[in-house]
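Structure first, then comments.
All values derive from a computational prediction rather than experimental measurement.
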Amino acid sequence: MEFKQIMLTTVLSIVLGTGVIHAQEIEQPQFNTLKINQIQVLGTHNSYARPVDPRLAAYADPIFEKMMEKMTTLFPADKLASFKEFHPNRMTMSEGLKYDHPPFDVQLDSGIRSLEMDVYYDPTGHRFNKPAGYALLNKMGVSDLAPYQKEDLEKPGFKMLHIADFDFRSHYATFRGGLTALRDWSDKHPGHLPIFIMVEAKDKGIPIFPNSAEVLPFDEKAFDELDAEVVEILGKEKLITPDDVRGQYSTLREAVLSDNWPTIKSSRGKFIFLLLPATAGMNLESAYVKDRPNLEKRIMFVQSEPNNSFASFILLDNALIRQQEIQTLVKQGYIVRSRSDIETYEAKINDYSRAEAAFNSGAQIISTDFFRPGNGYNTSYYIKLPSGNPARPNPINGTVNKAKHRLSEKR
């Protein structure tokens with residue numbers, strides 16, 4: 001830390017009281033001249049989630065297995081290929097959920113700079129407060145199931161959970177609660193690097209139990225309310241929006257291709273929201289972009305194809321087969337999310353090849369289920385950024401030595 005910065009931190013700690021020195025530190029000040037698309041950060045997948053009760057998971061496994069076998073026979077060829085790309089390994093549902101994340105502040109304190117929030121529309125409340133999976137097991141005489149935030153689920157408003165009626169245990173049952181946790185952490189760390197927030201709009205349920213909840217679609221009104229809640233809780237001053245990036249360019253895509261992303265210096269203490277407009281990112285048609293070809297006055301960037309007028313954020317989770325494509329997109333200016341592990345398979349077999357491909361692809365956001373030692377398979381597998389810091393210069397479009405990193409050799 002430079003001398004002037006140390007003096008400023010000391011003065012602030014005297015004026016504001018103890019415990020402020022950490023809060024006022026500027027993360028990696030050498031990155032200030034880079035754009036926000038010229039760094040690489042580590043994120044977590046389903047960042048809010050708490051483990052499914054093991055008895056419910058065991059009961060549901062064979063049901064999910066049969067459902068998946070039937071579903072894959074109904075997919076047209078292109079959809080099946082896309083599904084297999086996003087879900088490349090045959091894992092049981094309980095294996096795919098064999099991870100456990102702490103609350104947001106613990107993850108952010110550990111250096112995570114991207115979080116994922118799955119959101120359901122529940123304008124009246126009481127839609128998800130009586131999970132059908134628990135009701136079924138209760139009838140079978142199982143009463144000591146893992147607790148969940150029933151009172152928060154009763155309230156009107158967006159809910160944050162993975163799969164209704166099954167994987168519903170969350171550190172923050174409401175989107176509002178998760179946003180509040182982000183704001184509180186950010187206020188205590190005003191010099192933090194920009195944080196990338198993935199939001200998946202859950203518009204379909206998986207009704208494998210009797211009396212499963214009816215999942216509502218996200219229409220234009222729902223997305224308007226979602227944007228409004230983000231602004232209400234975080235404040236517009238903490239957000240990097242599509243209008244900010246588009247500026248005077250005719251389309252958002254043109255601005256992105258012209259490298260009009262803001263600098264790290266101007267983005268400190270802020271969040272950039274990246275929306276998957278439909279469940280699992282499999283459908284890119286969305287009411288979020290209706291009559292807004294460049295996401296005018298929207299809060300979130302949206303998963304897109306490179307030729308969309310609003311193209312800015314692209315989801316390519318499988319870097320093992322998309323590495324060169326990701327590198328090309330990153331060089332062009334797009335922000336890309338990829339994954340170092342998918343549905344815990346890599347942790348199970350202790351394999352870092354997907355992580356290496358993801359990091360070397362230059363995808364700005366690398367998502368993992370295992371950002372610290374310890375996993376449900378008792379292997380040594382966990383992922384950290386090659387630099388060991390909250391961010392590193394992007395190996396493709398940042399000012400950095402582009403030598404490849406062998407993650408597995410560093411364990």
Report task. Look at the side chain of Asn37 and the backbone N and O of Gln364, then say whether any donor-acceptor pair between them is shorter than 3.5 Å. Result -> no

Query - Any donor-acceptor pair under 3.5 Å from Gln327 side chain to Asn360 backbone - result: yes

Query raised in the report: What's the spacing between Phe104 CZ and Thr180 OG1 if we round to 0.5 Å?
Result: 11.0 Å

**Report entry** Asp317: which of Arg354, Arg337, Arg322 passes salt bridge (charged side-chain N to carboxylate O under 4.0 Å, His left out)
**Finding:** Arg337

Query raised in the report: Got a sec: does the CD of Glu69 have more than 12 other heavy atoms crowding it under 6.0 Å?
Result: yes

Report task. Answer yes if the ring centres of Phe223 and Tyr288 are under 6.0 angstrom apart, and no otherwise. Result -> yes

Query raised in the report: Can we say Arg268 and Glu27 salt-bridge, meaning some charged N sits less than 4.0 Å from an Asp/Glu carboxylate O?
Result: no

**Report entry** Polar side-chain atom of Asp219 near backbone of Ala222 as donor-acceptor pair, under 3.5 Å
**Finding:** yes

Report task. Grab the two heavy atoms, one from Phe310 and one from Asn294, that are nearest each other, plus how far apart they are. Result -> CB-CA, 4.1 Å

Query - Reported CG-to-NZ distance for the pair Asp244 and Lys236, which is rounded to 0.5 angstrom - result: 7.0 Å

Report summary line: Checking Tyr120, Tyr172, Phe128, Tyr121 against Phe158 for ring pair (Phe, Tyr, Trp, His ring centres under 6.0 Å), the one that qualifies is Tyr121

Query - side chain to side chain donor-acceptor pair (under 3.5 Å) partner of Tyr99, the single match among Asn46, Asp341, Thr368, Asp369 - result: Asn46

Query raised in the report: So, the side chain of Gln38 versus the backbone of Asn397: is there a donor-acceptor pair under 3.5 Å, distance only?
Result: yes

Query raised in the report: Between Ser186 and Leu182, is there a donor-acceptor pair closer than 3.5 Å when you use the side chain of the first and the backbone of the second?
Result: no

Query raised in the report: Would a distance-only check, ignoring hydrogens and angles, find a side-chain to backbone donor-acceptor pair under 3.5 Å from Ser170 to Met160?
Result: yes

Query raised in the report: Would His87 and Glu343 count as having a side-chain donor-acceptor pair, cut-off 3.5 Å?
Result: yes

Query - Check: Asp152 side chain, Thr174 main-chain N or O, donor-acceptor pair, under 3.5 Å - result: no

Query raised in the report: Aromatic ring centroids of Phe168 and Tyr148 under 6.0 Å?
Result: yes

Query raised in the report: With the threshold set at 4.0 Å, does a side-chain nitrogen-carboxylate oxygen contact exist between Glu154 and Lys159?
Result: no

**Report entry** NZ or CZ of Lys384 within 45° of Phe371 ring axis and under 6.0 Å
**Finding:** no

**Report entry** Plane angle bin for Phe273 and Phe271 - parallel if under 30°, tilted between 30 and 60°, otherwise perpendicular
**Finding:** tilted

Query raised in the report: Less than 4.0 Å between a side-chain N and a carboxylate O, is that true for Lys155 and Glu151?
Result: no

Query raised in the report: Can a donor-acceptor pair be found between the side chains of Asp351 and Ser353 at a distance below 3.5 Å?
Result: yes

Query raised in the report: Rounded to the nearest 0.5 Å, how far does OG of Ser340 lie from CD1 of Ile383?
Result: 4.5 Å

Requested in this report: For Ser309 and Pro293, indicate whether the former's side chain and the latter's backbone hold a donor-acceptor pair under 3.5 Å.
Outcome: yes

Query raised in the report: Any chance the side chains of Glu95 and Thr344 put a donor and an acceptor closer than 3.5 Å?
Result: no

Query - Test side chain to side chain donor-acceptor pair (under 3.5 Å) applied to Ser94 and Asp61, step by step - result: CA-CA 7 Å; Ser94 58; Asp61 262 353; 2.5 Å; yes

Requested in this report: Calculate, to the nearest 0.5 Å, the distance between atoms NZ and CD belonging to Lys270 and Glu237 respectively.
Outcome: 9.0 Å

Query raised in the report: Judged by modelled atom types alone, do Asn32 and Thr263 share a side-chain donor-acceptor pair under 3.5 Å?
Result: no

Query raised in the report: Is the Trp261 to Tyr249 ring centre distance short of 6.0 Å?
Result: no

Query - Candidate pair Thr379 and Asn375, rule side chain to side chain donor-acceptor pair (under 3.5 Å), full reasoning - result: CA-CA 7 Å; Thr379 66; Asn375 62 62; 3.1 Å; yes

